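To find a chain, count down the sequence lines: A is the first, B the second, and so on, and within it residues start at 1. Note that this is a predicted model, so its numbers are computed, not measured.
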Amino acid sequence: MLDISVLNDKQAEAVQCTEGPLLVLAGAGTGKTRVLTHRVAYILENGLADPYEIMAITFTNKAAGEMRDRINSLVGYGAESIWVSTFHSACVRILRRYIDRIGYGTNFTIYDSGDQSTVVKNILAGKSKNDKINDSKKKFYITAISGLKNRLITLDDYKESDEYDEKVYTVYEEYEEELKKNNALDFDDLLLKTVMLLETDEEAREYYQNRLKYILVDEYQDTNKAQFELIRLLSGKYKNICVVGDDDQSIYKFRGADIRNILDFEKVFENTKVVKLEQNYRSTGNILDAANNVIKHNEKRKSKALWTEEEDGLDVEFHRVENEYNEADFVARTIKRLKSTGRFSFGDFACLYRTNAQSRHIEEAFVNNDIPYNIVGGKNFYQRREIKDIIAYLKTVNDGVDDLAVKRIINVPKRGIGEKTIQNIEMYADSNGINFYDALADKNCMDILGTRTAKKVERFVYEIESIRTLVGVESLSNVISRIIEDTGYEEMINEGTKEDAMNRMENLGALISKAIEYEEDYREKLENRANGAYDITDVSNMKPKDAESEDDEAVLGTGRDLLTKFLADITLMSDIDNLEEDDSRVLMMTVHASKGLEFDNVFLCGMEENTFPNRMVLNEKDGVEEERRLCYVAMTRARKRLYLLSAKHRMIRGSMYLLNVSRFIREIPGLYKENAKEIQYRERMENNDEFQDARHEFKRKAVFNISVEKIDSLDYGVGDTVRHMKFGVGEVKEIRNGGRDYEVTVDFENYGVKKMFASFAKLQKLD
DNA sequence: TATATAGTGTTTTTT
DNA sequence: ACACTATATA
């Protein structure tokens, strides 16, 4: 029997108020996951719905897995039939079943941000041969297209809209064509197309609306328009929609999250009940106090204040250190000191920072102090080159429909098939309206290429075809192994440095393990079905016990489908999903990555103006408010100890910057006493017109350049003979003091006149 | 076609 | 500082 007495009044209210729309405003650490899981259990125990009629949506696979586990331990039998998934995988499941109704093949592939980038790059390259494609241009279009899709603005809508821009339109148009041609959907499409499907196809809509009696949404503050529409559509019949979120923790605006979803929820869903959770069970009084003091400076928020029955605990510590090395050193030494008391394991510590670039020095300090650590994020596992290569092989072996994948690996490892050849094949494929891969198997196409090149291409096709025969026969992991071994991929890797090769092979090993695990899960599921865990042949009971199986049944069944599913699932996997409980390592990650996690002891590094809040958002509208929410998220990760660190100066992109204490620190009373000099300096920064002008320059060059390692004096002069490591002996002709460094002109005996910077050249004076 | 060199643009990034 | 990519060169 479900024990409601473990909940406080507000939590119990949220659990028991099952009918109609419910908005739960849950501050950090107020037990929102507990509310969600108990709510599901409560619905089941009271017979309000069967498990397959309940859907719980989260943002990460990890959160979905955790929620499923917790529901499992709460209700026991039947929990596996509850549809617990991320927004995106839920959409994949719906689309695999119905997407043919809006003109795509049900075996579509998913393009990640890297693929997206490649597509846009190709479009821009085809458009203008003289214009250079730089990253920011590419990024501009990707952001534009993604932003439109997030807001459900299709090509047709965009043409009519007042933000219409011809260039964006044409790129958007070509982008859509390209993806359609490859039967591919990007992440935003998964949501957009599902909404489109449910809007236009009555049968599909009614199927899900009839099934889903209760829908629960986690991290609601980070939903975008598309996600909002999706849940509105899915909950259209029963309208038992419960969303849980915290406007103070909305930190993904830059990815389309729309705070209006939470602020306007009550307007869109009639008769919404609102429950506020404010009692915090995670942090000490002092930590909460500090966090509250920071977040209360935001103007756009629903008012609430966390409180706790816990003790005040230890003071929040602030340390103003000299530079990034001292900061890293402080973290390492403090961890060592606390660890030596025997009361902690390394897993009790986390080190958070605003940007990934800050991780390097901390990592170094950990290495030097023998502190085991784990860095979350940076580059996602599945976005690493070797993994993406093998995925491209798998896609090609699977159906060869995705041109992007085929082109990616046709010359990896090197097969002597270059740019020109690929262009020729592409032209043939385009003019004949066939896939790139199909062109490879086309005799007429090969005739264009010439026998030597054609032979190389045939060899490639042969390799792919022989692996293709193994799909559905051999295990998934074996197929992957064969790709790595038979195509010469492993050899290619081993040509690099030893360290690099080991690293890559390790990653590929992890991919294979993932495949084995995946396959085992799949078999288990099949067995459960065979053992009558549910019976789809029983027509008298039209509702299967396992809702997922019903969706599967509509489209899946063979080994090829297992591969398709695997490819989709790993594309939707993120770095944090693979984070396993490991008590023996300190965790390092960005503040963004830390959301939803908690630790006994937290170090928050880089509490400086221009670092956190980050310099890039200072001129953005509402930019600082979003940074403040980020800061609030970071601080509320801590249970017992919170260390805030700030460096007086640090080296950023090769230049030294003087940095002020972050305004967030100054918002916490009593933490930091500024001395007169610093106040004066800050006021000059904030009020001086001259400085404001300089701030615009700030992006490009170091305004506060105080010391680049400059050689004070040279031990050689004009006329001296010097030796250079590479150019040998020469005579110094000129020395120019270039401010940062000396520029030395030397006439070398064998290489002629060269100009070089003294600090790099390391010239040696000869007598 | 493969490799060496110069040039470039650097916040965050659940999926 | 550093990684990534466009361009020149072998």
Participant: Measure from NZ or CZ of A/Arg96 to the centre of the six-membered ring of A/Phe108 and say whether it is under 6.0 Å with the direction within 45° of the ring axis.
Facilitator: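 The answer is yes, since A/Arg96 meets both limits relative to A/Phe108.
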Participant: Is A/Thr590 close enough to B/dT13 that one of its side-chain N or O atoms is under 4.0 Å from OP1 or OP2 there?
Facilitator: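 Indeed, a polar side-chain atom of A/Thr590 lies that close.
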Participant: Does the aromatic ring of A/Tyr252 sit over the six-membered base ring of B/dT13, closer than 5.5 Å centre to centre and tilted less than 30°?
Facilitator: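 Check failed, A/Tyr252 does not stack on base of B/dT13.
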Participant: Indicate whether OP1 or OP2 belonging to B/dT14 is found under 4.0 Å from a side-chain N or O atom of A/Asn224.
Facilitator: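 A/Asn224 to B/dT14 OP1/OP2: no side-chain N or O under 4.0 Å.
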Participant: State whether the side chain of A/Ser117 and the backbone N or O of A/Ser113 hold a donor-acceptor pair below 3.5 Å, judged by distance alone.
Facilitator: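 Side chain of A/Ser117 to backbone of A/Ser113: no pair is present.
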Participant: What's the closest nucleotide to the side chain of A/Lys414 if the choices are B/dT11, B/dT3, B/dT13?
Facilitator: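 Output: B/dT3.
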Participant: Work out how far the P atom of C/dC4 is from that of B/dT13, and round it to whole angstrom.
Facilitator: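 These two P atoms come out 16 Å apart once rounded.
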Participant: Counting just side-chain N and O atoms, does A/Thr58 come under 4.0 Å of either OP1 or OP2 of B/dT14?
Facilitator: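 A/Thr58 to B/dT14 OP1/OP2: no side-chain N or O under 4.0 Å.
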Participant: Which pair of heavy atoms, one from A/Thr106 and one from A/Leu95, lies closest together, and at what distance?
Facilitator: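 Looks like CG2-O, 4.3 Å.
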Participant: Which atoms of nucleotides 2-4 of chain C (N or O only) lie under 3.5 Å from a protein N or O atom, and what are those distances?
Facilitator:
| unit_1 | atom_1 | unit_2 | atom_2 | d |
| --- | --- | --- | --- | --- |
| C/dC2 | OP1 | A/Arg360 | NH1 | 2.4 |
| C/dC2 | OP1 | A/Arg360 | NH2 | 3.4 |

Participant: A/Glu327 pairs by side-chain hydrogen bond (donor to acceptor under 3.5 Å, both in side chains) with which of A/Arg650, A/His361, A/Gln358?
Facilitator: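 Exactly one option meets the side-chain hydrogen bond (donor to acceptor under 3.5 Å, both in side chains) with A/Glu327, and it is A/Arg650.
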Participant: For A/Asn61, answer base if it contacts any base atom (sugar-phosphate contacts may also be present), sugar-phosphate if it contacts only those atoms, and nothing otherwise; contact means non-hydrogen atoms under 4.0 Å.
Facilitator: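 Sugar-phosphate contact only.
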Participant: Carefully, step by step, assess A/His592 and A/Tyr252 under the rule ring pair (Phe, Tyr, Trp, His ring centres under 6.0 Å).
Facilitator: CA-CA 9 Å; A/His592 279 93; A/Tyr252 283 102; 5.2 Å; yes
Participant: Tell me whether the OP1 or OP2 atom of B/dA2 has a side-chain N or O from A/Asn411 closer than 4.0 Å.
Facilitator: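 For A/Asn411, the contact criterion (side-chain N or O under 4.0 Å from OP1 or OP2 of B/dA2) is met.
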Participant: Between the side chains of A/Tyr489 and A/Asp389, is a donor N or O closer than 3.5 angstrom to an acceptor N or O?
Facilitator: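 Yes, a side-chain donor-acceptor pair sits under 3.5 Å.
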